[in-house]
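First up is the structure itself, then whatever we jot down about it.
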Amino acid sequence: MNTLHLYNTLSNKIEPFEPITPKHVGIYVCGPTVYGPPHLGHVRGPIVFDVLRKYLILQGNKVRYVRNITDVGHLVGDADEGEDKLAKQAKVEQLEPMEVAQAYTDSYNWVMDKINVLKPSIEPRATGHIIEQIEMIQTIIDKGLAYEVNGSVYFDVMAYSEQQHYGQLSGRVLEDLQAGAGNQSRSLEGQDEKRSANDFALWKRASAEHIMQWSSPWGKGFPGWHIECSAMSARYLGDHFDIHGGGMDLLFPHHECEIAQSTAAHNHAPAKYWVHHNMITINGQKMAKSLGNGIMVEQLFKGDHPLLAQAFGPMTLRFFVLQAHYRGTLDFSNDALLAAQKGWQRMQTAFKLLNNLPTVHEGATIEADDLLAAVVSSLNDDLNTPQVIASLFELARRINLVNDGKATMTEATKATMKSLVVDYCQGVLGLVSEDAGAGDGLADAMDIIMALRGQAKADKNWGLSDQIRDALKAKGFEIKDGKDGTTWNKL
RNA sequence: GGUCGGAUGGCCGAGUGGCUAGGCACGGGUCUGCAAAACCCUUUACAGCGGUUCGAAUCCGCUUCCGACCUCCA
């Protein structure tokens with residue numbers, strides 16, 4: 001494909017991507033609800049949309065990327081009387097709600113940095129946009145598509161569906177949504193206040209002991225759990241922007257409600273393209289608290305989890321995520337992670353050779369134009385990163401051939417290869433080498449040890465050289481004797 | 001129950017009406033004090049049963065199994 005195409009959930013088709021305003025792209029991605037430490041599920045979306053964003057930038061677009069922090073509003077599911085998730089966690093920990101939100105926002109962003117996800121252009125918080133949400137709710141009420149009951153405001157789905165198509169995004173039909181949902185034990189507070197079971201809260205009245213609450217035209221309360229994204233996306237990207245992203249689990253009801261709210265308020269749909277990534281599984285099973293198989297990102301980095309035999313670095317995680325297409329489920333397991341880690345190491349090793357490779361003026365036996373074309377084409381085809389990675393492995397193979405003197409290339413080919421490594425591997429895919437020991441003096445210290453061991457080897461003092469090697473290995477440093485000297489890396 | 005997705009070689013995971021995905025593991029080789037690493041090579045698998053077709057893993061139907069969503073979720 002010659003231009004970027006994306007799968008649009010709105011049409012269930014792959015469509016050519018054309019910005020509303022040429023060379024300017026607005027992206028809104030649903031960020032985390034910050035009431036717990038980041039787990040593996042939190043990582044996929046940011047990586048996928050980071051690749052999309054970086055690719056759009058490489059193509060010369062100016063991108064405004066908005067990813068929110070939800071620090072209020074989501075109701076607790078299990079018969080908790082509509083308590084705010086954050087407030088609940090706060091009581092448990094005896095902290096201020098904002099303290100909880102801050103701590104988990106920080107740990108989320110720490111993970112984002114580790115996995116080389118670019119910071120959002122704007123990272124708005126739901127609590128910082130209460131006024132915008134109230135204004136939007138008022139607009140919807142004024143249009144007769146929402147109603148107030150006892151200090152709560154509900155969106156009137158039936159009234160809305162008389163003018164607009166409710167269910168367009170998720171493919172749901174209103175009649176099918178009536179009753180009969182699988183989880184019959186689900187009885188939410190305020191259900192009897194609604195005119196229809198499909199109506200959803202825009203604003204909820206807060207009880208006195210509810211910690212997070214704000215004044216509104218309808219009394220003290222807090223926003224419903226869809227309105228924040230509608231209000232914040234409109235504020236920072238306008239009421240009609242290019243791409244709205246998120247996980248498939250948000251498709252219904254969250255995104256469907258967003259469309260309904262925004263359409264009700266602005267008379268047209270908010271986003272042109274809706275892009276959804278699929279979920280992750282652990283050893284083939286859904287990751288869920290109830291199954292006890294949730295893996296926190298920090299546990300992965302430390303290897304501190306029963307399902308993990310070792311630690312895996314941030315780049316291995318990123319590489320692993322990108323080795324699968326974003327619309328398919330992705331299965332985590334120790335073996336799969338291990339395979340990704342080894343593959344990524346091999347790729348890095350080859351790419352590091354590139355700068356020092358010799359070139360020829362004529363009689364070159366390999367080129368790289370075909371790989372560049374393949375990479376671009378794969379990205380254009382709905383961000384097919386697995387195919388991009390396959391092409392990069394072929395690049396690694398060719399680099400190794402030249403390095404081994406089994407093939408030759410021109411300076412122009414070398415330049416193309418550099419572009420593949422710098423612009424696409426490091427740039428778009430965001431896969432950068434983790435240089436162990438950079439800047440903390442470790443490298444210098446290791447150089448000294450390597451020199452001493454080199455002397456022992458020169459003296460054929462194998463006992464000492466092996467002892468050094470084994471001792472370092474025990475501390476997590478791997479020693480490799482190559483033909484051009486000894487190298488090391490941190491495992 | 002309703003709606004929507006999947007089932008690919010030992011593992012992960014692309015693709016798709018006829019042409020090698022790729023990675024990891026396994027195996028063979030090069031290199032090497034040993035080891036590890038690195039590098040090269042490693043010859044087709046698509047749930048089952050029907051159907052359409054010159055030809056299907058790829059399209060259609062049925063069956064079995066798995067999963068997601070149905071107002072907690074990335």
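This one's a predicted model, so the numbers in the text were calculated from it and none came from an experiment. Chain naming here is simple, since letters A, B, ... match the order of the sequence lines and numbering starts at 1 in each.
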Worksheet entry | Pairwise 5' ranking along RNA chain B for Gly247(A) and Asn384(A), keeping only the more 5' one |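 Comparing both residues, the 5'-ward one is Asn384(A).
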Worksheet item: Considering heavy-atom distances to RNA chain B, does Thr281(A) or Phe319(A) have its closest nucleotide positioned more toward the 5' end?
Response: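 First, find each residue's nearest nucleotide; the 5'-ward one identifies Phe319(A).
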Taking the side chain of [X] as heavy atoms from C-beta outward, which of [options] is closest to it?
| X | options | answer |
| --- | --- | --- |
| Asp466(A) | A14(B), A21(B), C34(B) | C34(B) |
| Thr33(A) | G23(B), C12(B), A74(B) | A74(B) |
| Pro253(A) | C39(B), G22(B), C70(B) | C70(B) |
| Arg469(A) | G33(B), A74(B), G22(B) | G33(B) |
| Asp335(A) | A21(B), C11(B), A74(B) | C11(B) |
| Arg346(A) | A14(B), C69(B), C39(B) | C39(B) |
| Gln387(A) | A74(B), C12(B), A14(B) | A14(B) |
| Asp249(A) | C24(B), G13(B), A74(B) | A74(B) |

Does a side-chain N or O from [X] land closer than 4.0 Å to OP1 or OP2 of [N], or not?
| X | N | result |
| --- | --- | --- |
| Lys457(A) | G33(B) | no |
| Asn400(A) | A38(B) | no |
| Arg327(A) | G6(B) | no |

Discussion item. By the definition side chain to side chain donor-acceptor pair (under 3.5 Å), identify the one residue from Glu148(A), Lys194(A), Glu193(A) that meets it with Tyr154(A).
Written reply: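 Among Glu148(A), Lys194(A), Glu193(A), the one meeting side chain to side chain donor-acceptor pair (under 3.5 Å) with Tyr154(A) is Glu193(A).
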Discussion item. If stacking means aromatic ring centre less than 5.5 angstrom from the base's six-membered ring centre, planes under 30°, is Phe393(A) stacked on G23(B)?
Written reply: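 Check failed, Phe393(A) does not stack on base of G23(B).
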Worksheet, complete the sentence: Each nucleotide of nucleotides 41-46 of chain B classed B (base within 4.0 Å of a protein heavy atom), S (only sugar-phosphate) or -, in 5' to 3' order, makes S-----
Worksheet item: Heavy-atom distance under 4.5 Å between the side chains of Gln164(A) and Ile259(A), does that happen here?
Response: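 They are not in side-chain contact.
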Item to complete: Enumerate, in order of first residue number, the stems that involve RNA chain B, defined as 3 or more consecutive Watson-Crick or G-U wobble pairs with both distances under 3.5 Å.
Response: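 So the stems come out as B:1-7 with B:64-70, B:10-12 with B:22-24, B:27-30 with B:38-41, B:47-51 with B:59-63.
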Practice prompt. Can you spot which of Arg318(A), Lys119(A), Arg67(A) makes a salt bridge (Lys or Arg N to Asp or Glu O under 4.0 Å) with Asp50(A)?
Written response: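 Filter result, single survivor: Arg318(A).
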Fill in: Interatomic distance where CZ belongs to Arg172(A) and C1' belongs to G2(B) [whole Å]
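Distance, rounded to whole Å: 9 Å.
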Practice prompt. Find the distance Asn403(A):CG to A38(B):C1' and express it as a whole number of Å.
Written response: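 Those two atoms, CG and C1', are 10 Å apart.
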Worksheet item: Are Tyr65(A) and Phe49(A) near enough that their ring centres are under 6.0 Å apart?
Response: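 That pair fails the under 6.0 Å test.
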